[in-house]
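Here's the structure we're looking at; comments come further down.
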Amino acid sequence: MKIAVVGTGYVGLVTGTCFAETGNHVKCVDIDEEKVKKLNNKQITIYEPGLEALFERNIRQGRLEFTTSLKDGIKDAQIIFLALPTPPGEDGSADLQYVLKVAEDLGPMLKDFTVIVDKSTVPVGTAEKVTAKVKMGAEVDFEVVSNPEFLREGVAVDDFMKPDRVVIGAEEPRSVKLMEKLYAPFVRQGNPIIFMDVRSAELTKYAANSFLATKITFMNEIANLCELMGADVDKVRKGIGTDSRIGNRFLFAGIGYGGSCFPKDVQALAKSSNEVNYNFRILNSVMDVNQHQKQKLINPLKEYFGGDLSGKTIAIWGLAFKPYTDDIREAPALENIQILLNEGAKVKAYDPEAMDNVKGIFGESIYFAKDQYDALKDADALMIMTEWPIFRTPEFEKITSVLKNKVIFDGRNLYDIDQMVELGFEYHSVGRRIIK
């Protein structure tokens, strides 16, 4: 099958590459000439484990191509995926300008019946807006369907190749048949393709991400309560996570969620609710709690240094919003770094993948370390922002030898409390007792 993917960001590149892997001929379109040049030269432009091997193989075998021309990219395509940015506007609503501009351009280019797929996360009613834009210039039949992505950064290839479910909002029988054929190789193990109306499909993505963000936030509230009541959030997590009605995922306490999806999608769903005069009170609380949770370690850090961080050097492990990605969008580390700089502290940071992206924000105002231990040299304290595996089992003797004070502020609860007592560290985590 011939497929076009418009947009080569995170979703677009994973989508295009994985469809090519199942034998389809895929052309990806992007207006960024430099990016397209890199992609055609087999230079992958995002970090995602497992993607590069598929990317190189499908380019080599001629199933995956890249172009800056929308007309060339969609030529003979039976299905066109729109994987374009939908960033939050100033009022929190999703900005659809990129999606609608491409939709308007597509109309006159269509030659036969085509399925146009909203792969981007978009508000309810977007398919109708896209349909109206395409209709302005189209002389053939088409249908705009919704096929939201449920990819987790760091395991996106596995998520795409072996999805829990595929959600498709479509009504035209020809569209249903084409989408069934396209996804058949991905659901051979029996995971469902769920067909529904377009509006329900659009809402499904927002509902899923908002529920997961709420689950994380609820556990962070429990963690804050544990600190006041002398309980241990890890024990509470195990106690409730074994209940099959609750499940054990997304129950880890920490310094809040970040990334490209949860913050944006929660905000957009709350805004969409306001537009139909519904006060989605839970989501407003989720956003408020998460914002405060990101700064959870700042007060304990200041208290440790007598209320004054000026002149102190703070080592930070982890910059990405989660491990196995270089994505720093809404990452708690960024907010903490800015607060530290505003307080007069110096920052030495290390992350296995995200440092180049952070350099684009902070430049030379912070020190980017060669490795995790280089970040500790001459530092007064260590803060942990991301749960990369290399931070889970460090050489504690090495930490002791280079860190000025044996104190760790752990935003991801990486270490065992008893181990920290044994090693003689002052240890601040989330939802557990402080070790002094």
Side-chain angles (χ1 to χ4, degrees), residues 47 154 254-256 258-259 294-305 308-416 419-420 423-430 434-435:
Y47 174 76
I255 49 171
K294 286 184 176 183
Q295 303 174 19
K296 170 125 185 113
L297 295 177
I298 292 296
N299 282 339
L301 179 71
K302 289 178 72 173
E303 287 172 13
Y304 178 82
F305 291 111
D308 185 9
L309 295 177
S310 59
K312 301 299 179 186
T313 298
I314 309 301
I316 287 184
W317 283 2
L319 298 170
F321 85 94
K322 64 181 283 189
Y324 301 109
T325 182
D326 61 353
D327 194 340
I328 59 170
R329 285 173 287 185
E330 301 286 341
L334 303 185
E335 193 161 324
N336 280 269
I337 288 171
Q338 190 59 64
I339 292 170
L340 293 173
L341 294 176
N342 292 345
E343 292 279 345
K346 297 175 184 176
V347 173
K348 301 180 74 176
Y350 176 73
D351 186 284
E353 294 295 337
M355 290 199 291
D356 285 345
N357 291 337
V358 176
K359 283 177 186 175
I361 296 174
F362 290 105
E364 296 181 1
S365 60
I366 68 174
Y367 173 79
F368 293 93
K370 292 176 288 189
D371 58 43
Q372 67 205 84
Y373 302 107
D374 180 39
L376 300 178
K377 290 175 184 174
D378 299 318
D380 296 287
L382 167 62
M383 297 181 78
I384 300 174
M385 299 279 119
T386 314
E387 62 274 31
W388 282 97
I390 59 165
F391 302 149
R392 289 185 180 275
T393 53
E395 298 176 48
F396 286 105
E397 289 181 5
K398 207 167 186 178
I399 294 176
T400 301
S401 68
V402 290
L403 193 61
K404 285 183 180 178
N405 305 293
K406 289 181 71 172
V407 59
I408 298 174
F409 296 85
D410 182 359
R412 299 301 176 188
N413 290 5
L414 297 191
Y415 308 131
D416 180 73
Q419 183 187 25
M420 292 292 100
L423 292 169
F425 277 88
E426 177 159 340
Y427 182 61
H428 298 254
S429 53
V430 180
I434 299 169
I435 304 303

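- Contact record, P394 with Q372: CB-NE2, 4.1 Å, taken as the closest heavy-atom pair.
- With contacts defined as side-chain heavy-atom distances shorter than 4.5 Å, the pair N405/Y304 qualifies.
- Residues F409 and L382 fail the side-chain proximity criterion, which asks for heavy atoms closer than 4.5 Å.
- Side-chain contact check for M385 versus R412: every heavy-atom pair is 4.5 Å or farther apart.
- The heavy-atom pair separating I384 from I255 by the smallest distance is O-CD1, 4.4 Å.
- For an aromatic pair to be called close, the ring centres must be under 6.0 Å apart, and F396 with Y415 satisfies this.
- Annotation: K346, atom NZ; neighbour count of heavy atoms from other residues, nucleotides and ligands within 6.0 Å does not exceed 12.
- In this structure, the side chains of I314 and K348 stay at 4.5 Å or more apart for every pair of heavy atoms.
- In summary, E330 and K294 engage in a salt bridge, as defined by a charged side-chain N under 4.0 Å from a carboxylate O.
- The CG atom of L414 sits 10.0 Å away from atom OG1 of T393, with the distance rounded to the nearest 0.5 Å.
- Looking only at distances, no side-chain donor or acceptor of K296 sits under 3.5 Å from a matching main-chain atom of G256.
- Note that the NZ atom of K377 and the NZ atom of K370 stand 5.0 Å from one another [nearest 0.5 Å].
- Residue I390 holds its CD1 atom at 8.0 Å from CG of D351, rounded to the nearest 0.5 Å.
- Heavy-atom minimum distance, A320 versus A331: C-CB, 4.1 Å.
- Counting only distance, with no hydrogens or angles, the side chain of D374 and the backbone of A369 share no donor-acceptor pair below 3.5 Å.
- Between the side chain of D380 and the main chain of T313, a donor-acceptor pair closer than 3.5 Å is present.
- With rounding to the nearest 0.5 angstrom, the CG atom of D378 is 10.0 Å from the CG atom of L403.
- Of all the heavy atoms in F305 and K312, the pair that sits closest is CD2-CE, 3.6 Å.
- In this structure, CE on M355 lies 12.0 Å from CG on D326, to the nearest 0.5 angstrom.
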Residues F425, V407; criterion side chain to side chain contact (heavy atoms under 4.5 Å, CB included); working and verdict: CA-CA 6 Å; F425 277 88; V407 59; over 6 Å; no
Using side-chain hydrogen bond (donor to acceptor under 3.5 Å, both in side chains), reason through D371 and Y350 one step at a time and then give a plain yes or no. CA-CA 6 Å; D371 58 43; Y350 176 73; over 6 Å; no
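- You'll find the side chain of Y324 reaches within 4.5 Å of the side chain of P389, heavy atoms only.
- The shortest side-chain heavy-atom distance between E426 and I435 does not fall under the 4.5 Å cut-off.
- Of all heavy-atom pairs between L319 and T386, the closest is N-OG1, 3.4 Å.
- The shortest side-chain heavy-atom distance between M383 and N336 falls under the 4.5 Å cut-off.
- For the pair G411 and L297, the tightest heavy-atom approach, listed with the atom from each and the gap, is N-CD1, 3.5 Å.
- Aromatic ring centres of W317 and F391 lie closer together than 6.0 Å.
- Using a cutoff of 4.0 Å between basic side-chain nitrogens and carboxylate oxygens, E343 and K302 are scored as salt-bridged.
- To the nearest 0.5 Å, atom CG of residue N413 and atom NE2 of residue H428 are 13.0 Å apart.
- Side chains of D327 and Y47: a donor-acceptor N/O pair is absent below 3.5 angstrom, by distance only.
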Let me see the working for Y373 and I399 under side chain to side chain contact (heavy atoms under 4.5 Å, CB included), right down to the final yes or no. CA-CA 7 Å; Y373 302 107; I399 294 176; 4.2 Å; yes
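- Side-chain polar atoms of N342 and Q338 form a donor-acceptor pair below 3.5 angstrom.
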